Amino acid sequence: MSKKTKKYIFVLNCGSSSLKFAIIDILKKEKIFSGTVEFLHSKKSQITFKDCTNEENKVIFLENLTYKKSIEVIFQKSLEKIKCLQSILGIGHRIVHGGEKLHQSTIIDKKIIEQIRSSIPFAPLHNPFGIIGFQEISSIFPHLKHKQVAVFDTAFHHTIPSESYLYAIPYELYKKYGIRRYGAHGISYQYVSKKFSKIVKKDLKYLNIIVCHLGNGGSIAAIANGKSVDTSMGLTPLEGLMMGTRSGDIDPSIIFYLYENLKMNIGQIREILTKKSGILGITQINNDMRYVEDNYHKDTNANRAMKMYCHRLSKYIASYFTMMNDHLDAIIFTGGIGENSVMVRKMTMEKLKLFNVQCDEEKNANTKFGKCEMISSKNSIPVWVIPTNEEIIIAEETFRLLEIEQT
Ligand code: ADP
């Protein structure tokens, strides 16, 4: 294929202090170039570029990077790789929260921006920056203004029935203010379930699976007949599993206690539950699962963190068995921890013996760093590790919508 016929989709994921991007060759469905901008608006701003064709990494340091400047630099660098700006067909934005109205990917226009804005209270660290990403692209590259698509992390969960998405609080809080479970990591769940359907050659609509997306943020989804029927994240990504720095499920009275007895203000309580809890809170030193694994036998706090992590995860998995109709096709691990932590998978599976989940220790030990494998023993409920690829889904959705637009 000549260079002229190449077609790329540019994928952007904008957060409060970082921005990730990827360029996808949409015909080959391959990531060719990617990168991360970290420490935006600070003296330590830096951009890491990864050439996916030769795995070469390059880091550049630029003080006080703004969104605008970052996007300019990223495009400049990307053009060295893809040569021609016209080969970028469109931009796919990962938008964390679509609220109740936005439950499928959509081309971005004024009305969509307003709807994304209305969900800012539920995703204050993400949604505002998705909007900024759209605006900066529109002003720097006006020809791409109408070629931008929003892909929502909440969308996959719009099939969750009301008994799963409602909280047992006054119903009018849902009706008036939209306080309900929305979930997250939907783009990852979409990729993993599609991939599993291809692996087992079975139509998604006949598949019942439990998928554990375990990264710095972590969640789990019950997917019955190919559709999400429950998930552990709630109104915001704070609920559910124990995470890197987030508490996951707690008794809400802890908040009253911190407020009334320890005289903390809401900002301090939010900081504790979102940034100082989870693995970091228990180890008191590190939020990284690699640290927990490495120190499991040496350090009481790391040992405790690992046990808590697997205890909570296995409880969720066990509860999701109740939503699998007449059979369960597989439990699937994905995300940085799910794909790599041999110990988390082994300890979690051990707790599920009663449910006929058995780990093949050798296969489990050999499955990491991007390998896609079944890690259960012969007579077990199948357990798989499937590396996620959210960018491919965002690029496919963007391409699909822009193609439709052109026809
Ligand atoms: P994010 O949610 O930021 O996308 P990732 O999916 O990259 O996060 O997952 C990050 C987590 O994956 C960290 O806790 C990290 O320790 C864990 N992780 C990455 N590699 C390994 C590994 N080899 N063994 C155990 N855990 C790992």
Side-chain angles (χ1 to χ4, degrees), residues 11-22 31 34-39 48 50 57 94 96 123 125-126 129 151 153 183-192 211-221 231-233 236-248 274-283 285-297 299 301-303 305-306 308-310 312-313 332-349 364-373 375 385-394:
V11 174
L12 257 186
N13 179 358
C14 299
S16 58
S17 64
S18 74
L19 179 165
K20 293 183 187 161
F21 79 94
K31 180 156 70 176
S34 66
T36 310
V37 186
E38 288 168 287
F39 313 114
T48 310
K50 182 173 174 188
N57 284 347
R94 177 189 183 195
V96 165
L125 298 181
H126 291 95
F129 305 96
V151 183
D153 237 351
H185 295 137
I187 303 168
S188 174
Y189 291 129
Q190 191 178 338
Y191 175 84
V192 168
V211 184
C212 313
H213 177 109
L214 311 175
N216 278 317
S219 72
I220 170 164
T231 191
S232 59
M233 282 181 170
T236 74
L238 184 54
E239 192 184 346
L241 302 174
M242 175 174 167
M243 305 178 221
T245 61
R246 286 174 236 161
S247 64
T274 57
K275 302 226 173 91
K276 295 185 174 163
S277 294
I279 296 174
L280 175 64
I282 299 300
T283 60
I285 210 166
N286 202 311
N287 66 339
D288 199 293
M289 186 52 85
R290 282 166 286 204
Y291 169 85
V292 176
E293 274 196 340
D294 293 346
N295 292 282
Y296 179 73
H297 295 291
D299 176 78
N301 292 334
N303 185 286
M306 177 60 87
M308 282 177 69
Y309 192 93
C310 299
R312 286 163 171 249
L313 177 58
I332 302 172
F333 287 98
T334 193
I337 296 172
E339 291 166 29
N340 297 298
S341 177
V342 173
M343 195 183 269
V344 164
R345 294 187 310 235
K346 177 171 181 281
M347 286 178 60
T348 305
M349 288 166 78
N364 184 39
N366 290 329
T367 303
K368 43 183 160 173
F369 309 138
K371 274 199 195 161
C372 178
E373 287 288 347
I375 56 165
V385 174
I386 300 184
T388 195
N389 194 337
E390 289 153 295
E391 287 128 348
I392 286 285
I393 292 284
I394 298 172

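These values consider heavy atoms only, across backbone and side chains, with no hydrogens, waters or symmetry-generated copies. As the structure is a prediction and not an experimental result, all values here were calculated from the model. Note that ligands are numbered from 1 as they come in the structure, with each ligand's atoms numbered from 1 the same way.
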Original post:
What residues form a salt bridge (Lys or Arg N to Asp or Glu O under 4.0 Å) with Lys20, not counting sequence neighbours?
Top reply: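 None.
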**OP:** Measure the acute angle between the ring planes of His213 and Tyr189, then classify it against the limits of 30° and 60° as parallel, tilted or perpendicular.
**Re:**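 Plane angle over 60°, so perpendicular.
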Original post:
If every non-hydrogen atom of Ile393 is compared with every non-hydrogen atom of Tyr191, which pair is closest and at what distance?
Top reply: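 So the minimum-distance heavy-atom pair works out to CG1-CB, 3.5 Å.
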Original post:
Between Tyr291 and Thr283, does a side chain to side chain contact (heavy atoms under 4.5 Å, CB included) hold up when you go through it step by step?
Top reply: CA-CA 9 Å; Tyr291 169 85; Thr283 60; 4.1 Å; yes
Original post:
Taking only residues two or more places apart in sequence, or in another chain, which ones meet Tyr296 in a side-chain contact (heavy atoms from CB on, under 4.5 Å)?
Top reply: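 Listed in chain order: Asn303, Met306, Lys307, Met343, Met347.
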Subject >> Set of side-chain contact (heavy atoms from CB on, under 4.5 Å) partners for Asn366, sequence neighbours left out >> reply: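 Asn366: side-chain contact (heavy atoms from CB on, under 4.5 Å) contacts with Glu362, Lys371.
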I'd like a table of the close N/O pairs between ligand 1 and the protein (anything under 3.5 Å), one pair per line with both atom names and the distance.
| unit_1 | atom_1 | unit_2 | atom_2 | d |
| --- | --- | --- | --- | --- |
| ligand 1 | 2 (O) | Asn216 | N | 3.0 |
| ligand 1 | 3 (O) | Asn216 | ND2 | 3.0 |
| ligand 1 | 6 (O) | Gly336 | N | 2.9 |
| ligand 1 | 8 (O) | Asn216 | N | 3.2 |
| ligand 1 | 12 (O) | Ile337 | N | 3.3 |
| ligand 1 | 14 (O) | Met289 | N | 3.2 |
| ligand 1 | 16 (O) | Asp288 | OD1 | 2.3 |
| ligand 1 | 16 (O) | Met289 | N | 3.0 |
| ligand 1 | 16 (O) | Arg290 | N | 3.2 |
| ligand 1 | 16 (O) | Arg290 | NE | 3.4 |

